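This report refers to the structure that appears directly beneath it.
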There are 2 protein chains.
Amino acid sequence: MTEATRRERLRADTERDIRATARALLVGQGRDSVTLRAIARELGITAPALYRYYDSREALLRAVCEDICADLDAELTPAIRDVPSDDPLGRVFAVCRAFRRWALAHPQEFELVFASPEEESVGLGRTEPGRTEPGRAEPGRAERGRRPAQDRFGSVFIHVIGHVLVAPEAFVPTSEDVPAELHDDLVTYRQRLLESLAEVGVTVPAELLQLDGVYFILKWWVRLYGHIALEVFDRFPFPLRDAEPLFERMLTELAVESGFPNPAANDG
Amino acid sequence: MTEATRRERLRADTERDIRATARALLVGQGRDSVTLRAIARELGITAPALYRYYDSREALLRAVCEDICADLDAELTPAIRDVPSDDPLGRVFAVCRAFRRWALAHPQEFELVFASPEEESVGLGRTEPGRTEPGRAEPGRAERGRRPAQDRFGSVFIHVIGHVLVAPEAFVPTSEDVPAELHDDLVTYRQRLLESLAEVGVTVPAELLQLDGVYFILKWWVRLYGHIALEVFDRFPFPLRDAEPLFERMLTELAVESGFPNPAANDG
DNA sequence: CAACTGTGTGAACACCGTTCACCCCGACCC
DNA sequence: GGGTCGGGGTGAACGGTGTTCACACAGTTG
């Protein structure tokens, strides 16, 4: 780590400062307000200097996305650790509640990460018609550049689920029959789950995570995301005074469907 | 209707042209590309002329939002009518599938309407510190201006659900117990549902729509929205080759929970 | 006819992302 | 030491943006 040059350290510092400033602007005044000139102004430099660090505003926003995901990860993980590992359902509840709380407290960041269609070179890459080859032209950046936000968030979700799965008894039920058309995708996802967990040092026996379980997780991610996004964007079909009871009831249903007949947790 | 002045008709025409052009730009090149100057260019006028019709770009976008909702309504309603009224479950399936198809075909419009935090006077109203009174200063515009997008969409949802509810036998189950904290909100929503249905000429006996049913609808809106938003934004925790089986399975579960043990519809 | 009102214009302001030529200073090599 | 080189920063500039304002013109209204 300390092998880095002085220059490299300085560069990394300002790079971090830039993203932090951008994020402060995002949180404070919304996505449209995170402006290259505003960032530069805040840092006491000029806007073109930022191009020494990021290729474009869009690239900067992508980097901010990754920072947000890292922070979300860092916030959800301890929320799990606070619950004893012999209470897997409690851990699931904890991470779901923490995710909701985070989303409500950081709506702008939630929107940027979880509700933007696509991030790949919006209207810029086509200005040079010569480079039509889809092959890996720039190995350094483009290699892992496909769907960075999704990958980054995928890892958050994987971490979270992984920490729950290491409970002494797996909580995911195995009574569902998965749709045949989803089989291949689910197998791929289970592979990624196990690999990603192994990276963090968590080894899960493969037979613990059956395909039914993966399907179960996927289905519940839909409900979790649906509720939180609706609440953040205030898009319930009618103004809901307080959506928390609805959320807690959803968790109760999750508990029931998981095979826990009498959930102990009632409110957060 | 024909009582309108020639001037008024002309004005309404260009007003419609403006929104149509804005929407074409939105569909073709994304939200950021719907620019006052681009709209004006397309219409052969100059940008400031648009201010004779809309107070700001944000106001124009709001109007576009309402147009989108109206179109969505116009697209979902016939999707229901095509299914015989003695097949309420089939109608629900039809409208859910139509909504998903519409969202996937119009991602930009879906994002604008269903995934934007708030629309109320973003950073403009505070420039004049003198008008700090929150009272109804401008009766004409501000009167029904609160949460126009939500209201507008709420009506879409209400219409859709309403047409399903007029089936000879109500399909919504009544076996659920609703959370006590949600009681008041659900009562309010049921009221709005019935009122809005009455406006369209559909009279539903009040006892047909019990509070359990409203709660049931709300819960399923969460799942429907969650799946569609995830698919449109491509934010499943892992790349899903084809999300349609997952969607169809969700509909099957809806059928089961509605009390239809053996759903006849299998794929769209 | 005159007055007024609605509609459109062109110039202007402040801001934006991005590019370019330039400059300066620290790091490196000889 | 001196020389080179390159990364980081600058200011000017280009084209674009939302928005405001004074002005002009047509159509309606008195």
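These numbers were taken from a predicted model, which means no experiment stands behind them. Sequence lines set the chain letters: A, B, ... in the order given, protein chains first and strands last, and positions in each chain run from 1.
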Per-nt protein contacts along nucleotides 6-14 of chain C (heavy atom under 4.0 Å; B base, S backbone sugar-phosphate only, - none) come out as SBBBBBB--
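Checked against salt bridge (charged side-chain N to carboxylate O under 4.0 Å, His left out), A:Glu75 has no partners two or more places apart in sequence or in another chain. With sequence neighbours left out, A:Glu231 forms a salt bridge (charged side-chain N to carboxylate O under 4.0 Å, His left out) with A:Arg100. For A:Arg241, the salt bridge (charged side-chain N to carboxylate O under 4.0 Å, His left out) partners are B:Asp185, not counting sequence neighbours.
Counting to the nearest Å, the P atom of D:dG18 and the CG atom of A:Asp32 are 11 Å from each other. Atom P of nucleotide C:dT18 and atom CG of A:Asp55 are separated by 10 Å, given to the nearest angstrom. Between the OH atom of A:Tyr51 and the P atom of D:dG11 there is a distance of 17 Å, given to the nearest Å. The distance from atom CG of B:Leu50 to atom P of D:dG18 is 9 Å, rounded to the nearest whole Å.
The stretch residues 16-26 of chain A participates, sequence neighbours left out, in these salt bridge (charged side-chain N to carboxylate O under 4.0 Å, His left out) pairs: A:Asp13-A:Arg16, A:Arg19-A:Asp67, A:Arg23-A:Asp71, A:Arg23-A:Glu109.
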Show me the donor-acceptor pairs, under 3.5 Å and distance only, between side chains in residues 30-48 of chain B and residues at least two apart or in other chains.
unit_1  : atom_1 : unit_2  : atom_2 : d
B:Arg31 : NH2    : B:Glu58 : OE2    : 3.3
B:Ser33 : OG     : B:Gln29 : O      : 3.0

Test ring pair (Phe, Tyr, Trp, His ring centres under 6.0 Å) on A:Phe114 and A:Phe99 and set out the steps.
-> CA-CA 12 Å; A:Phe114 292 102; A:Phe99 185 32; 5.6 Å; yes
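An OP1 or OP2 oxygen of C:dG17 is reached within less than 4.0 angstrom by no side-chain nitrogen or oxygen of A:Ser56.
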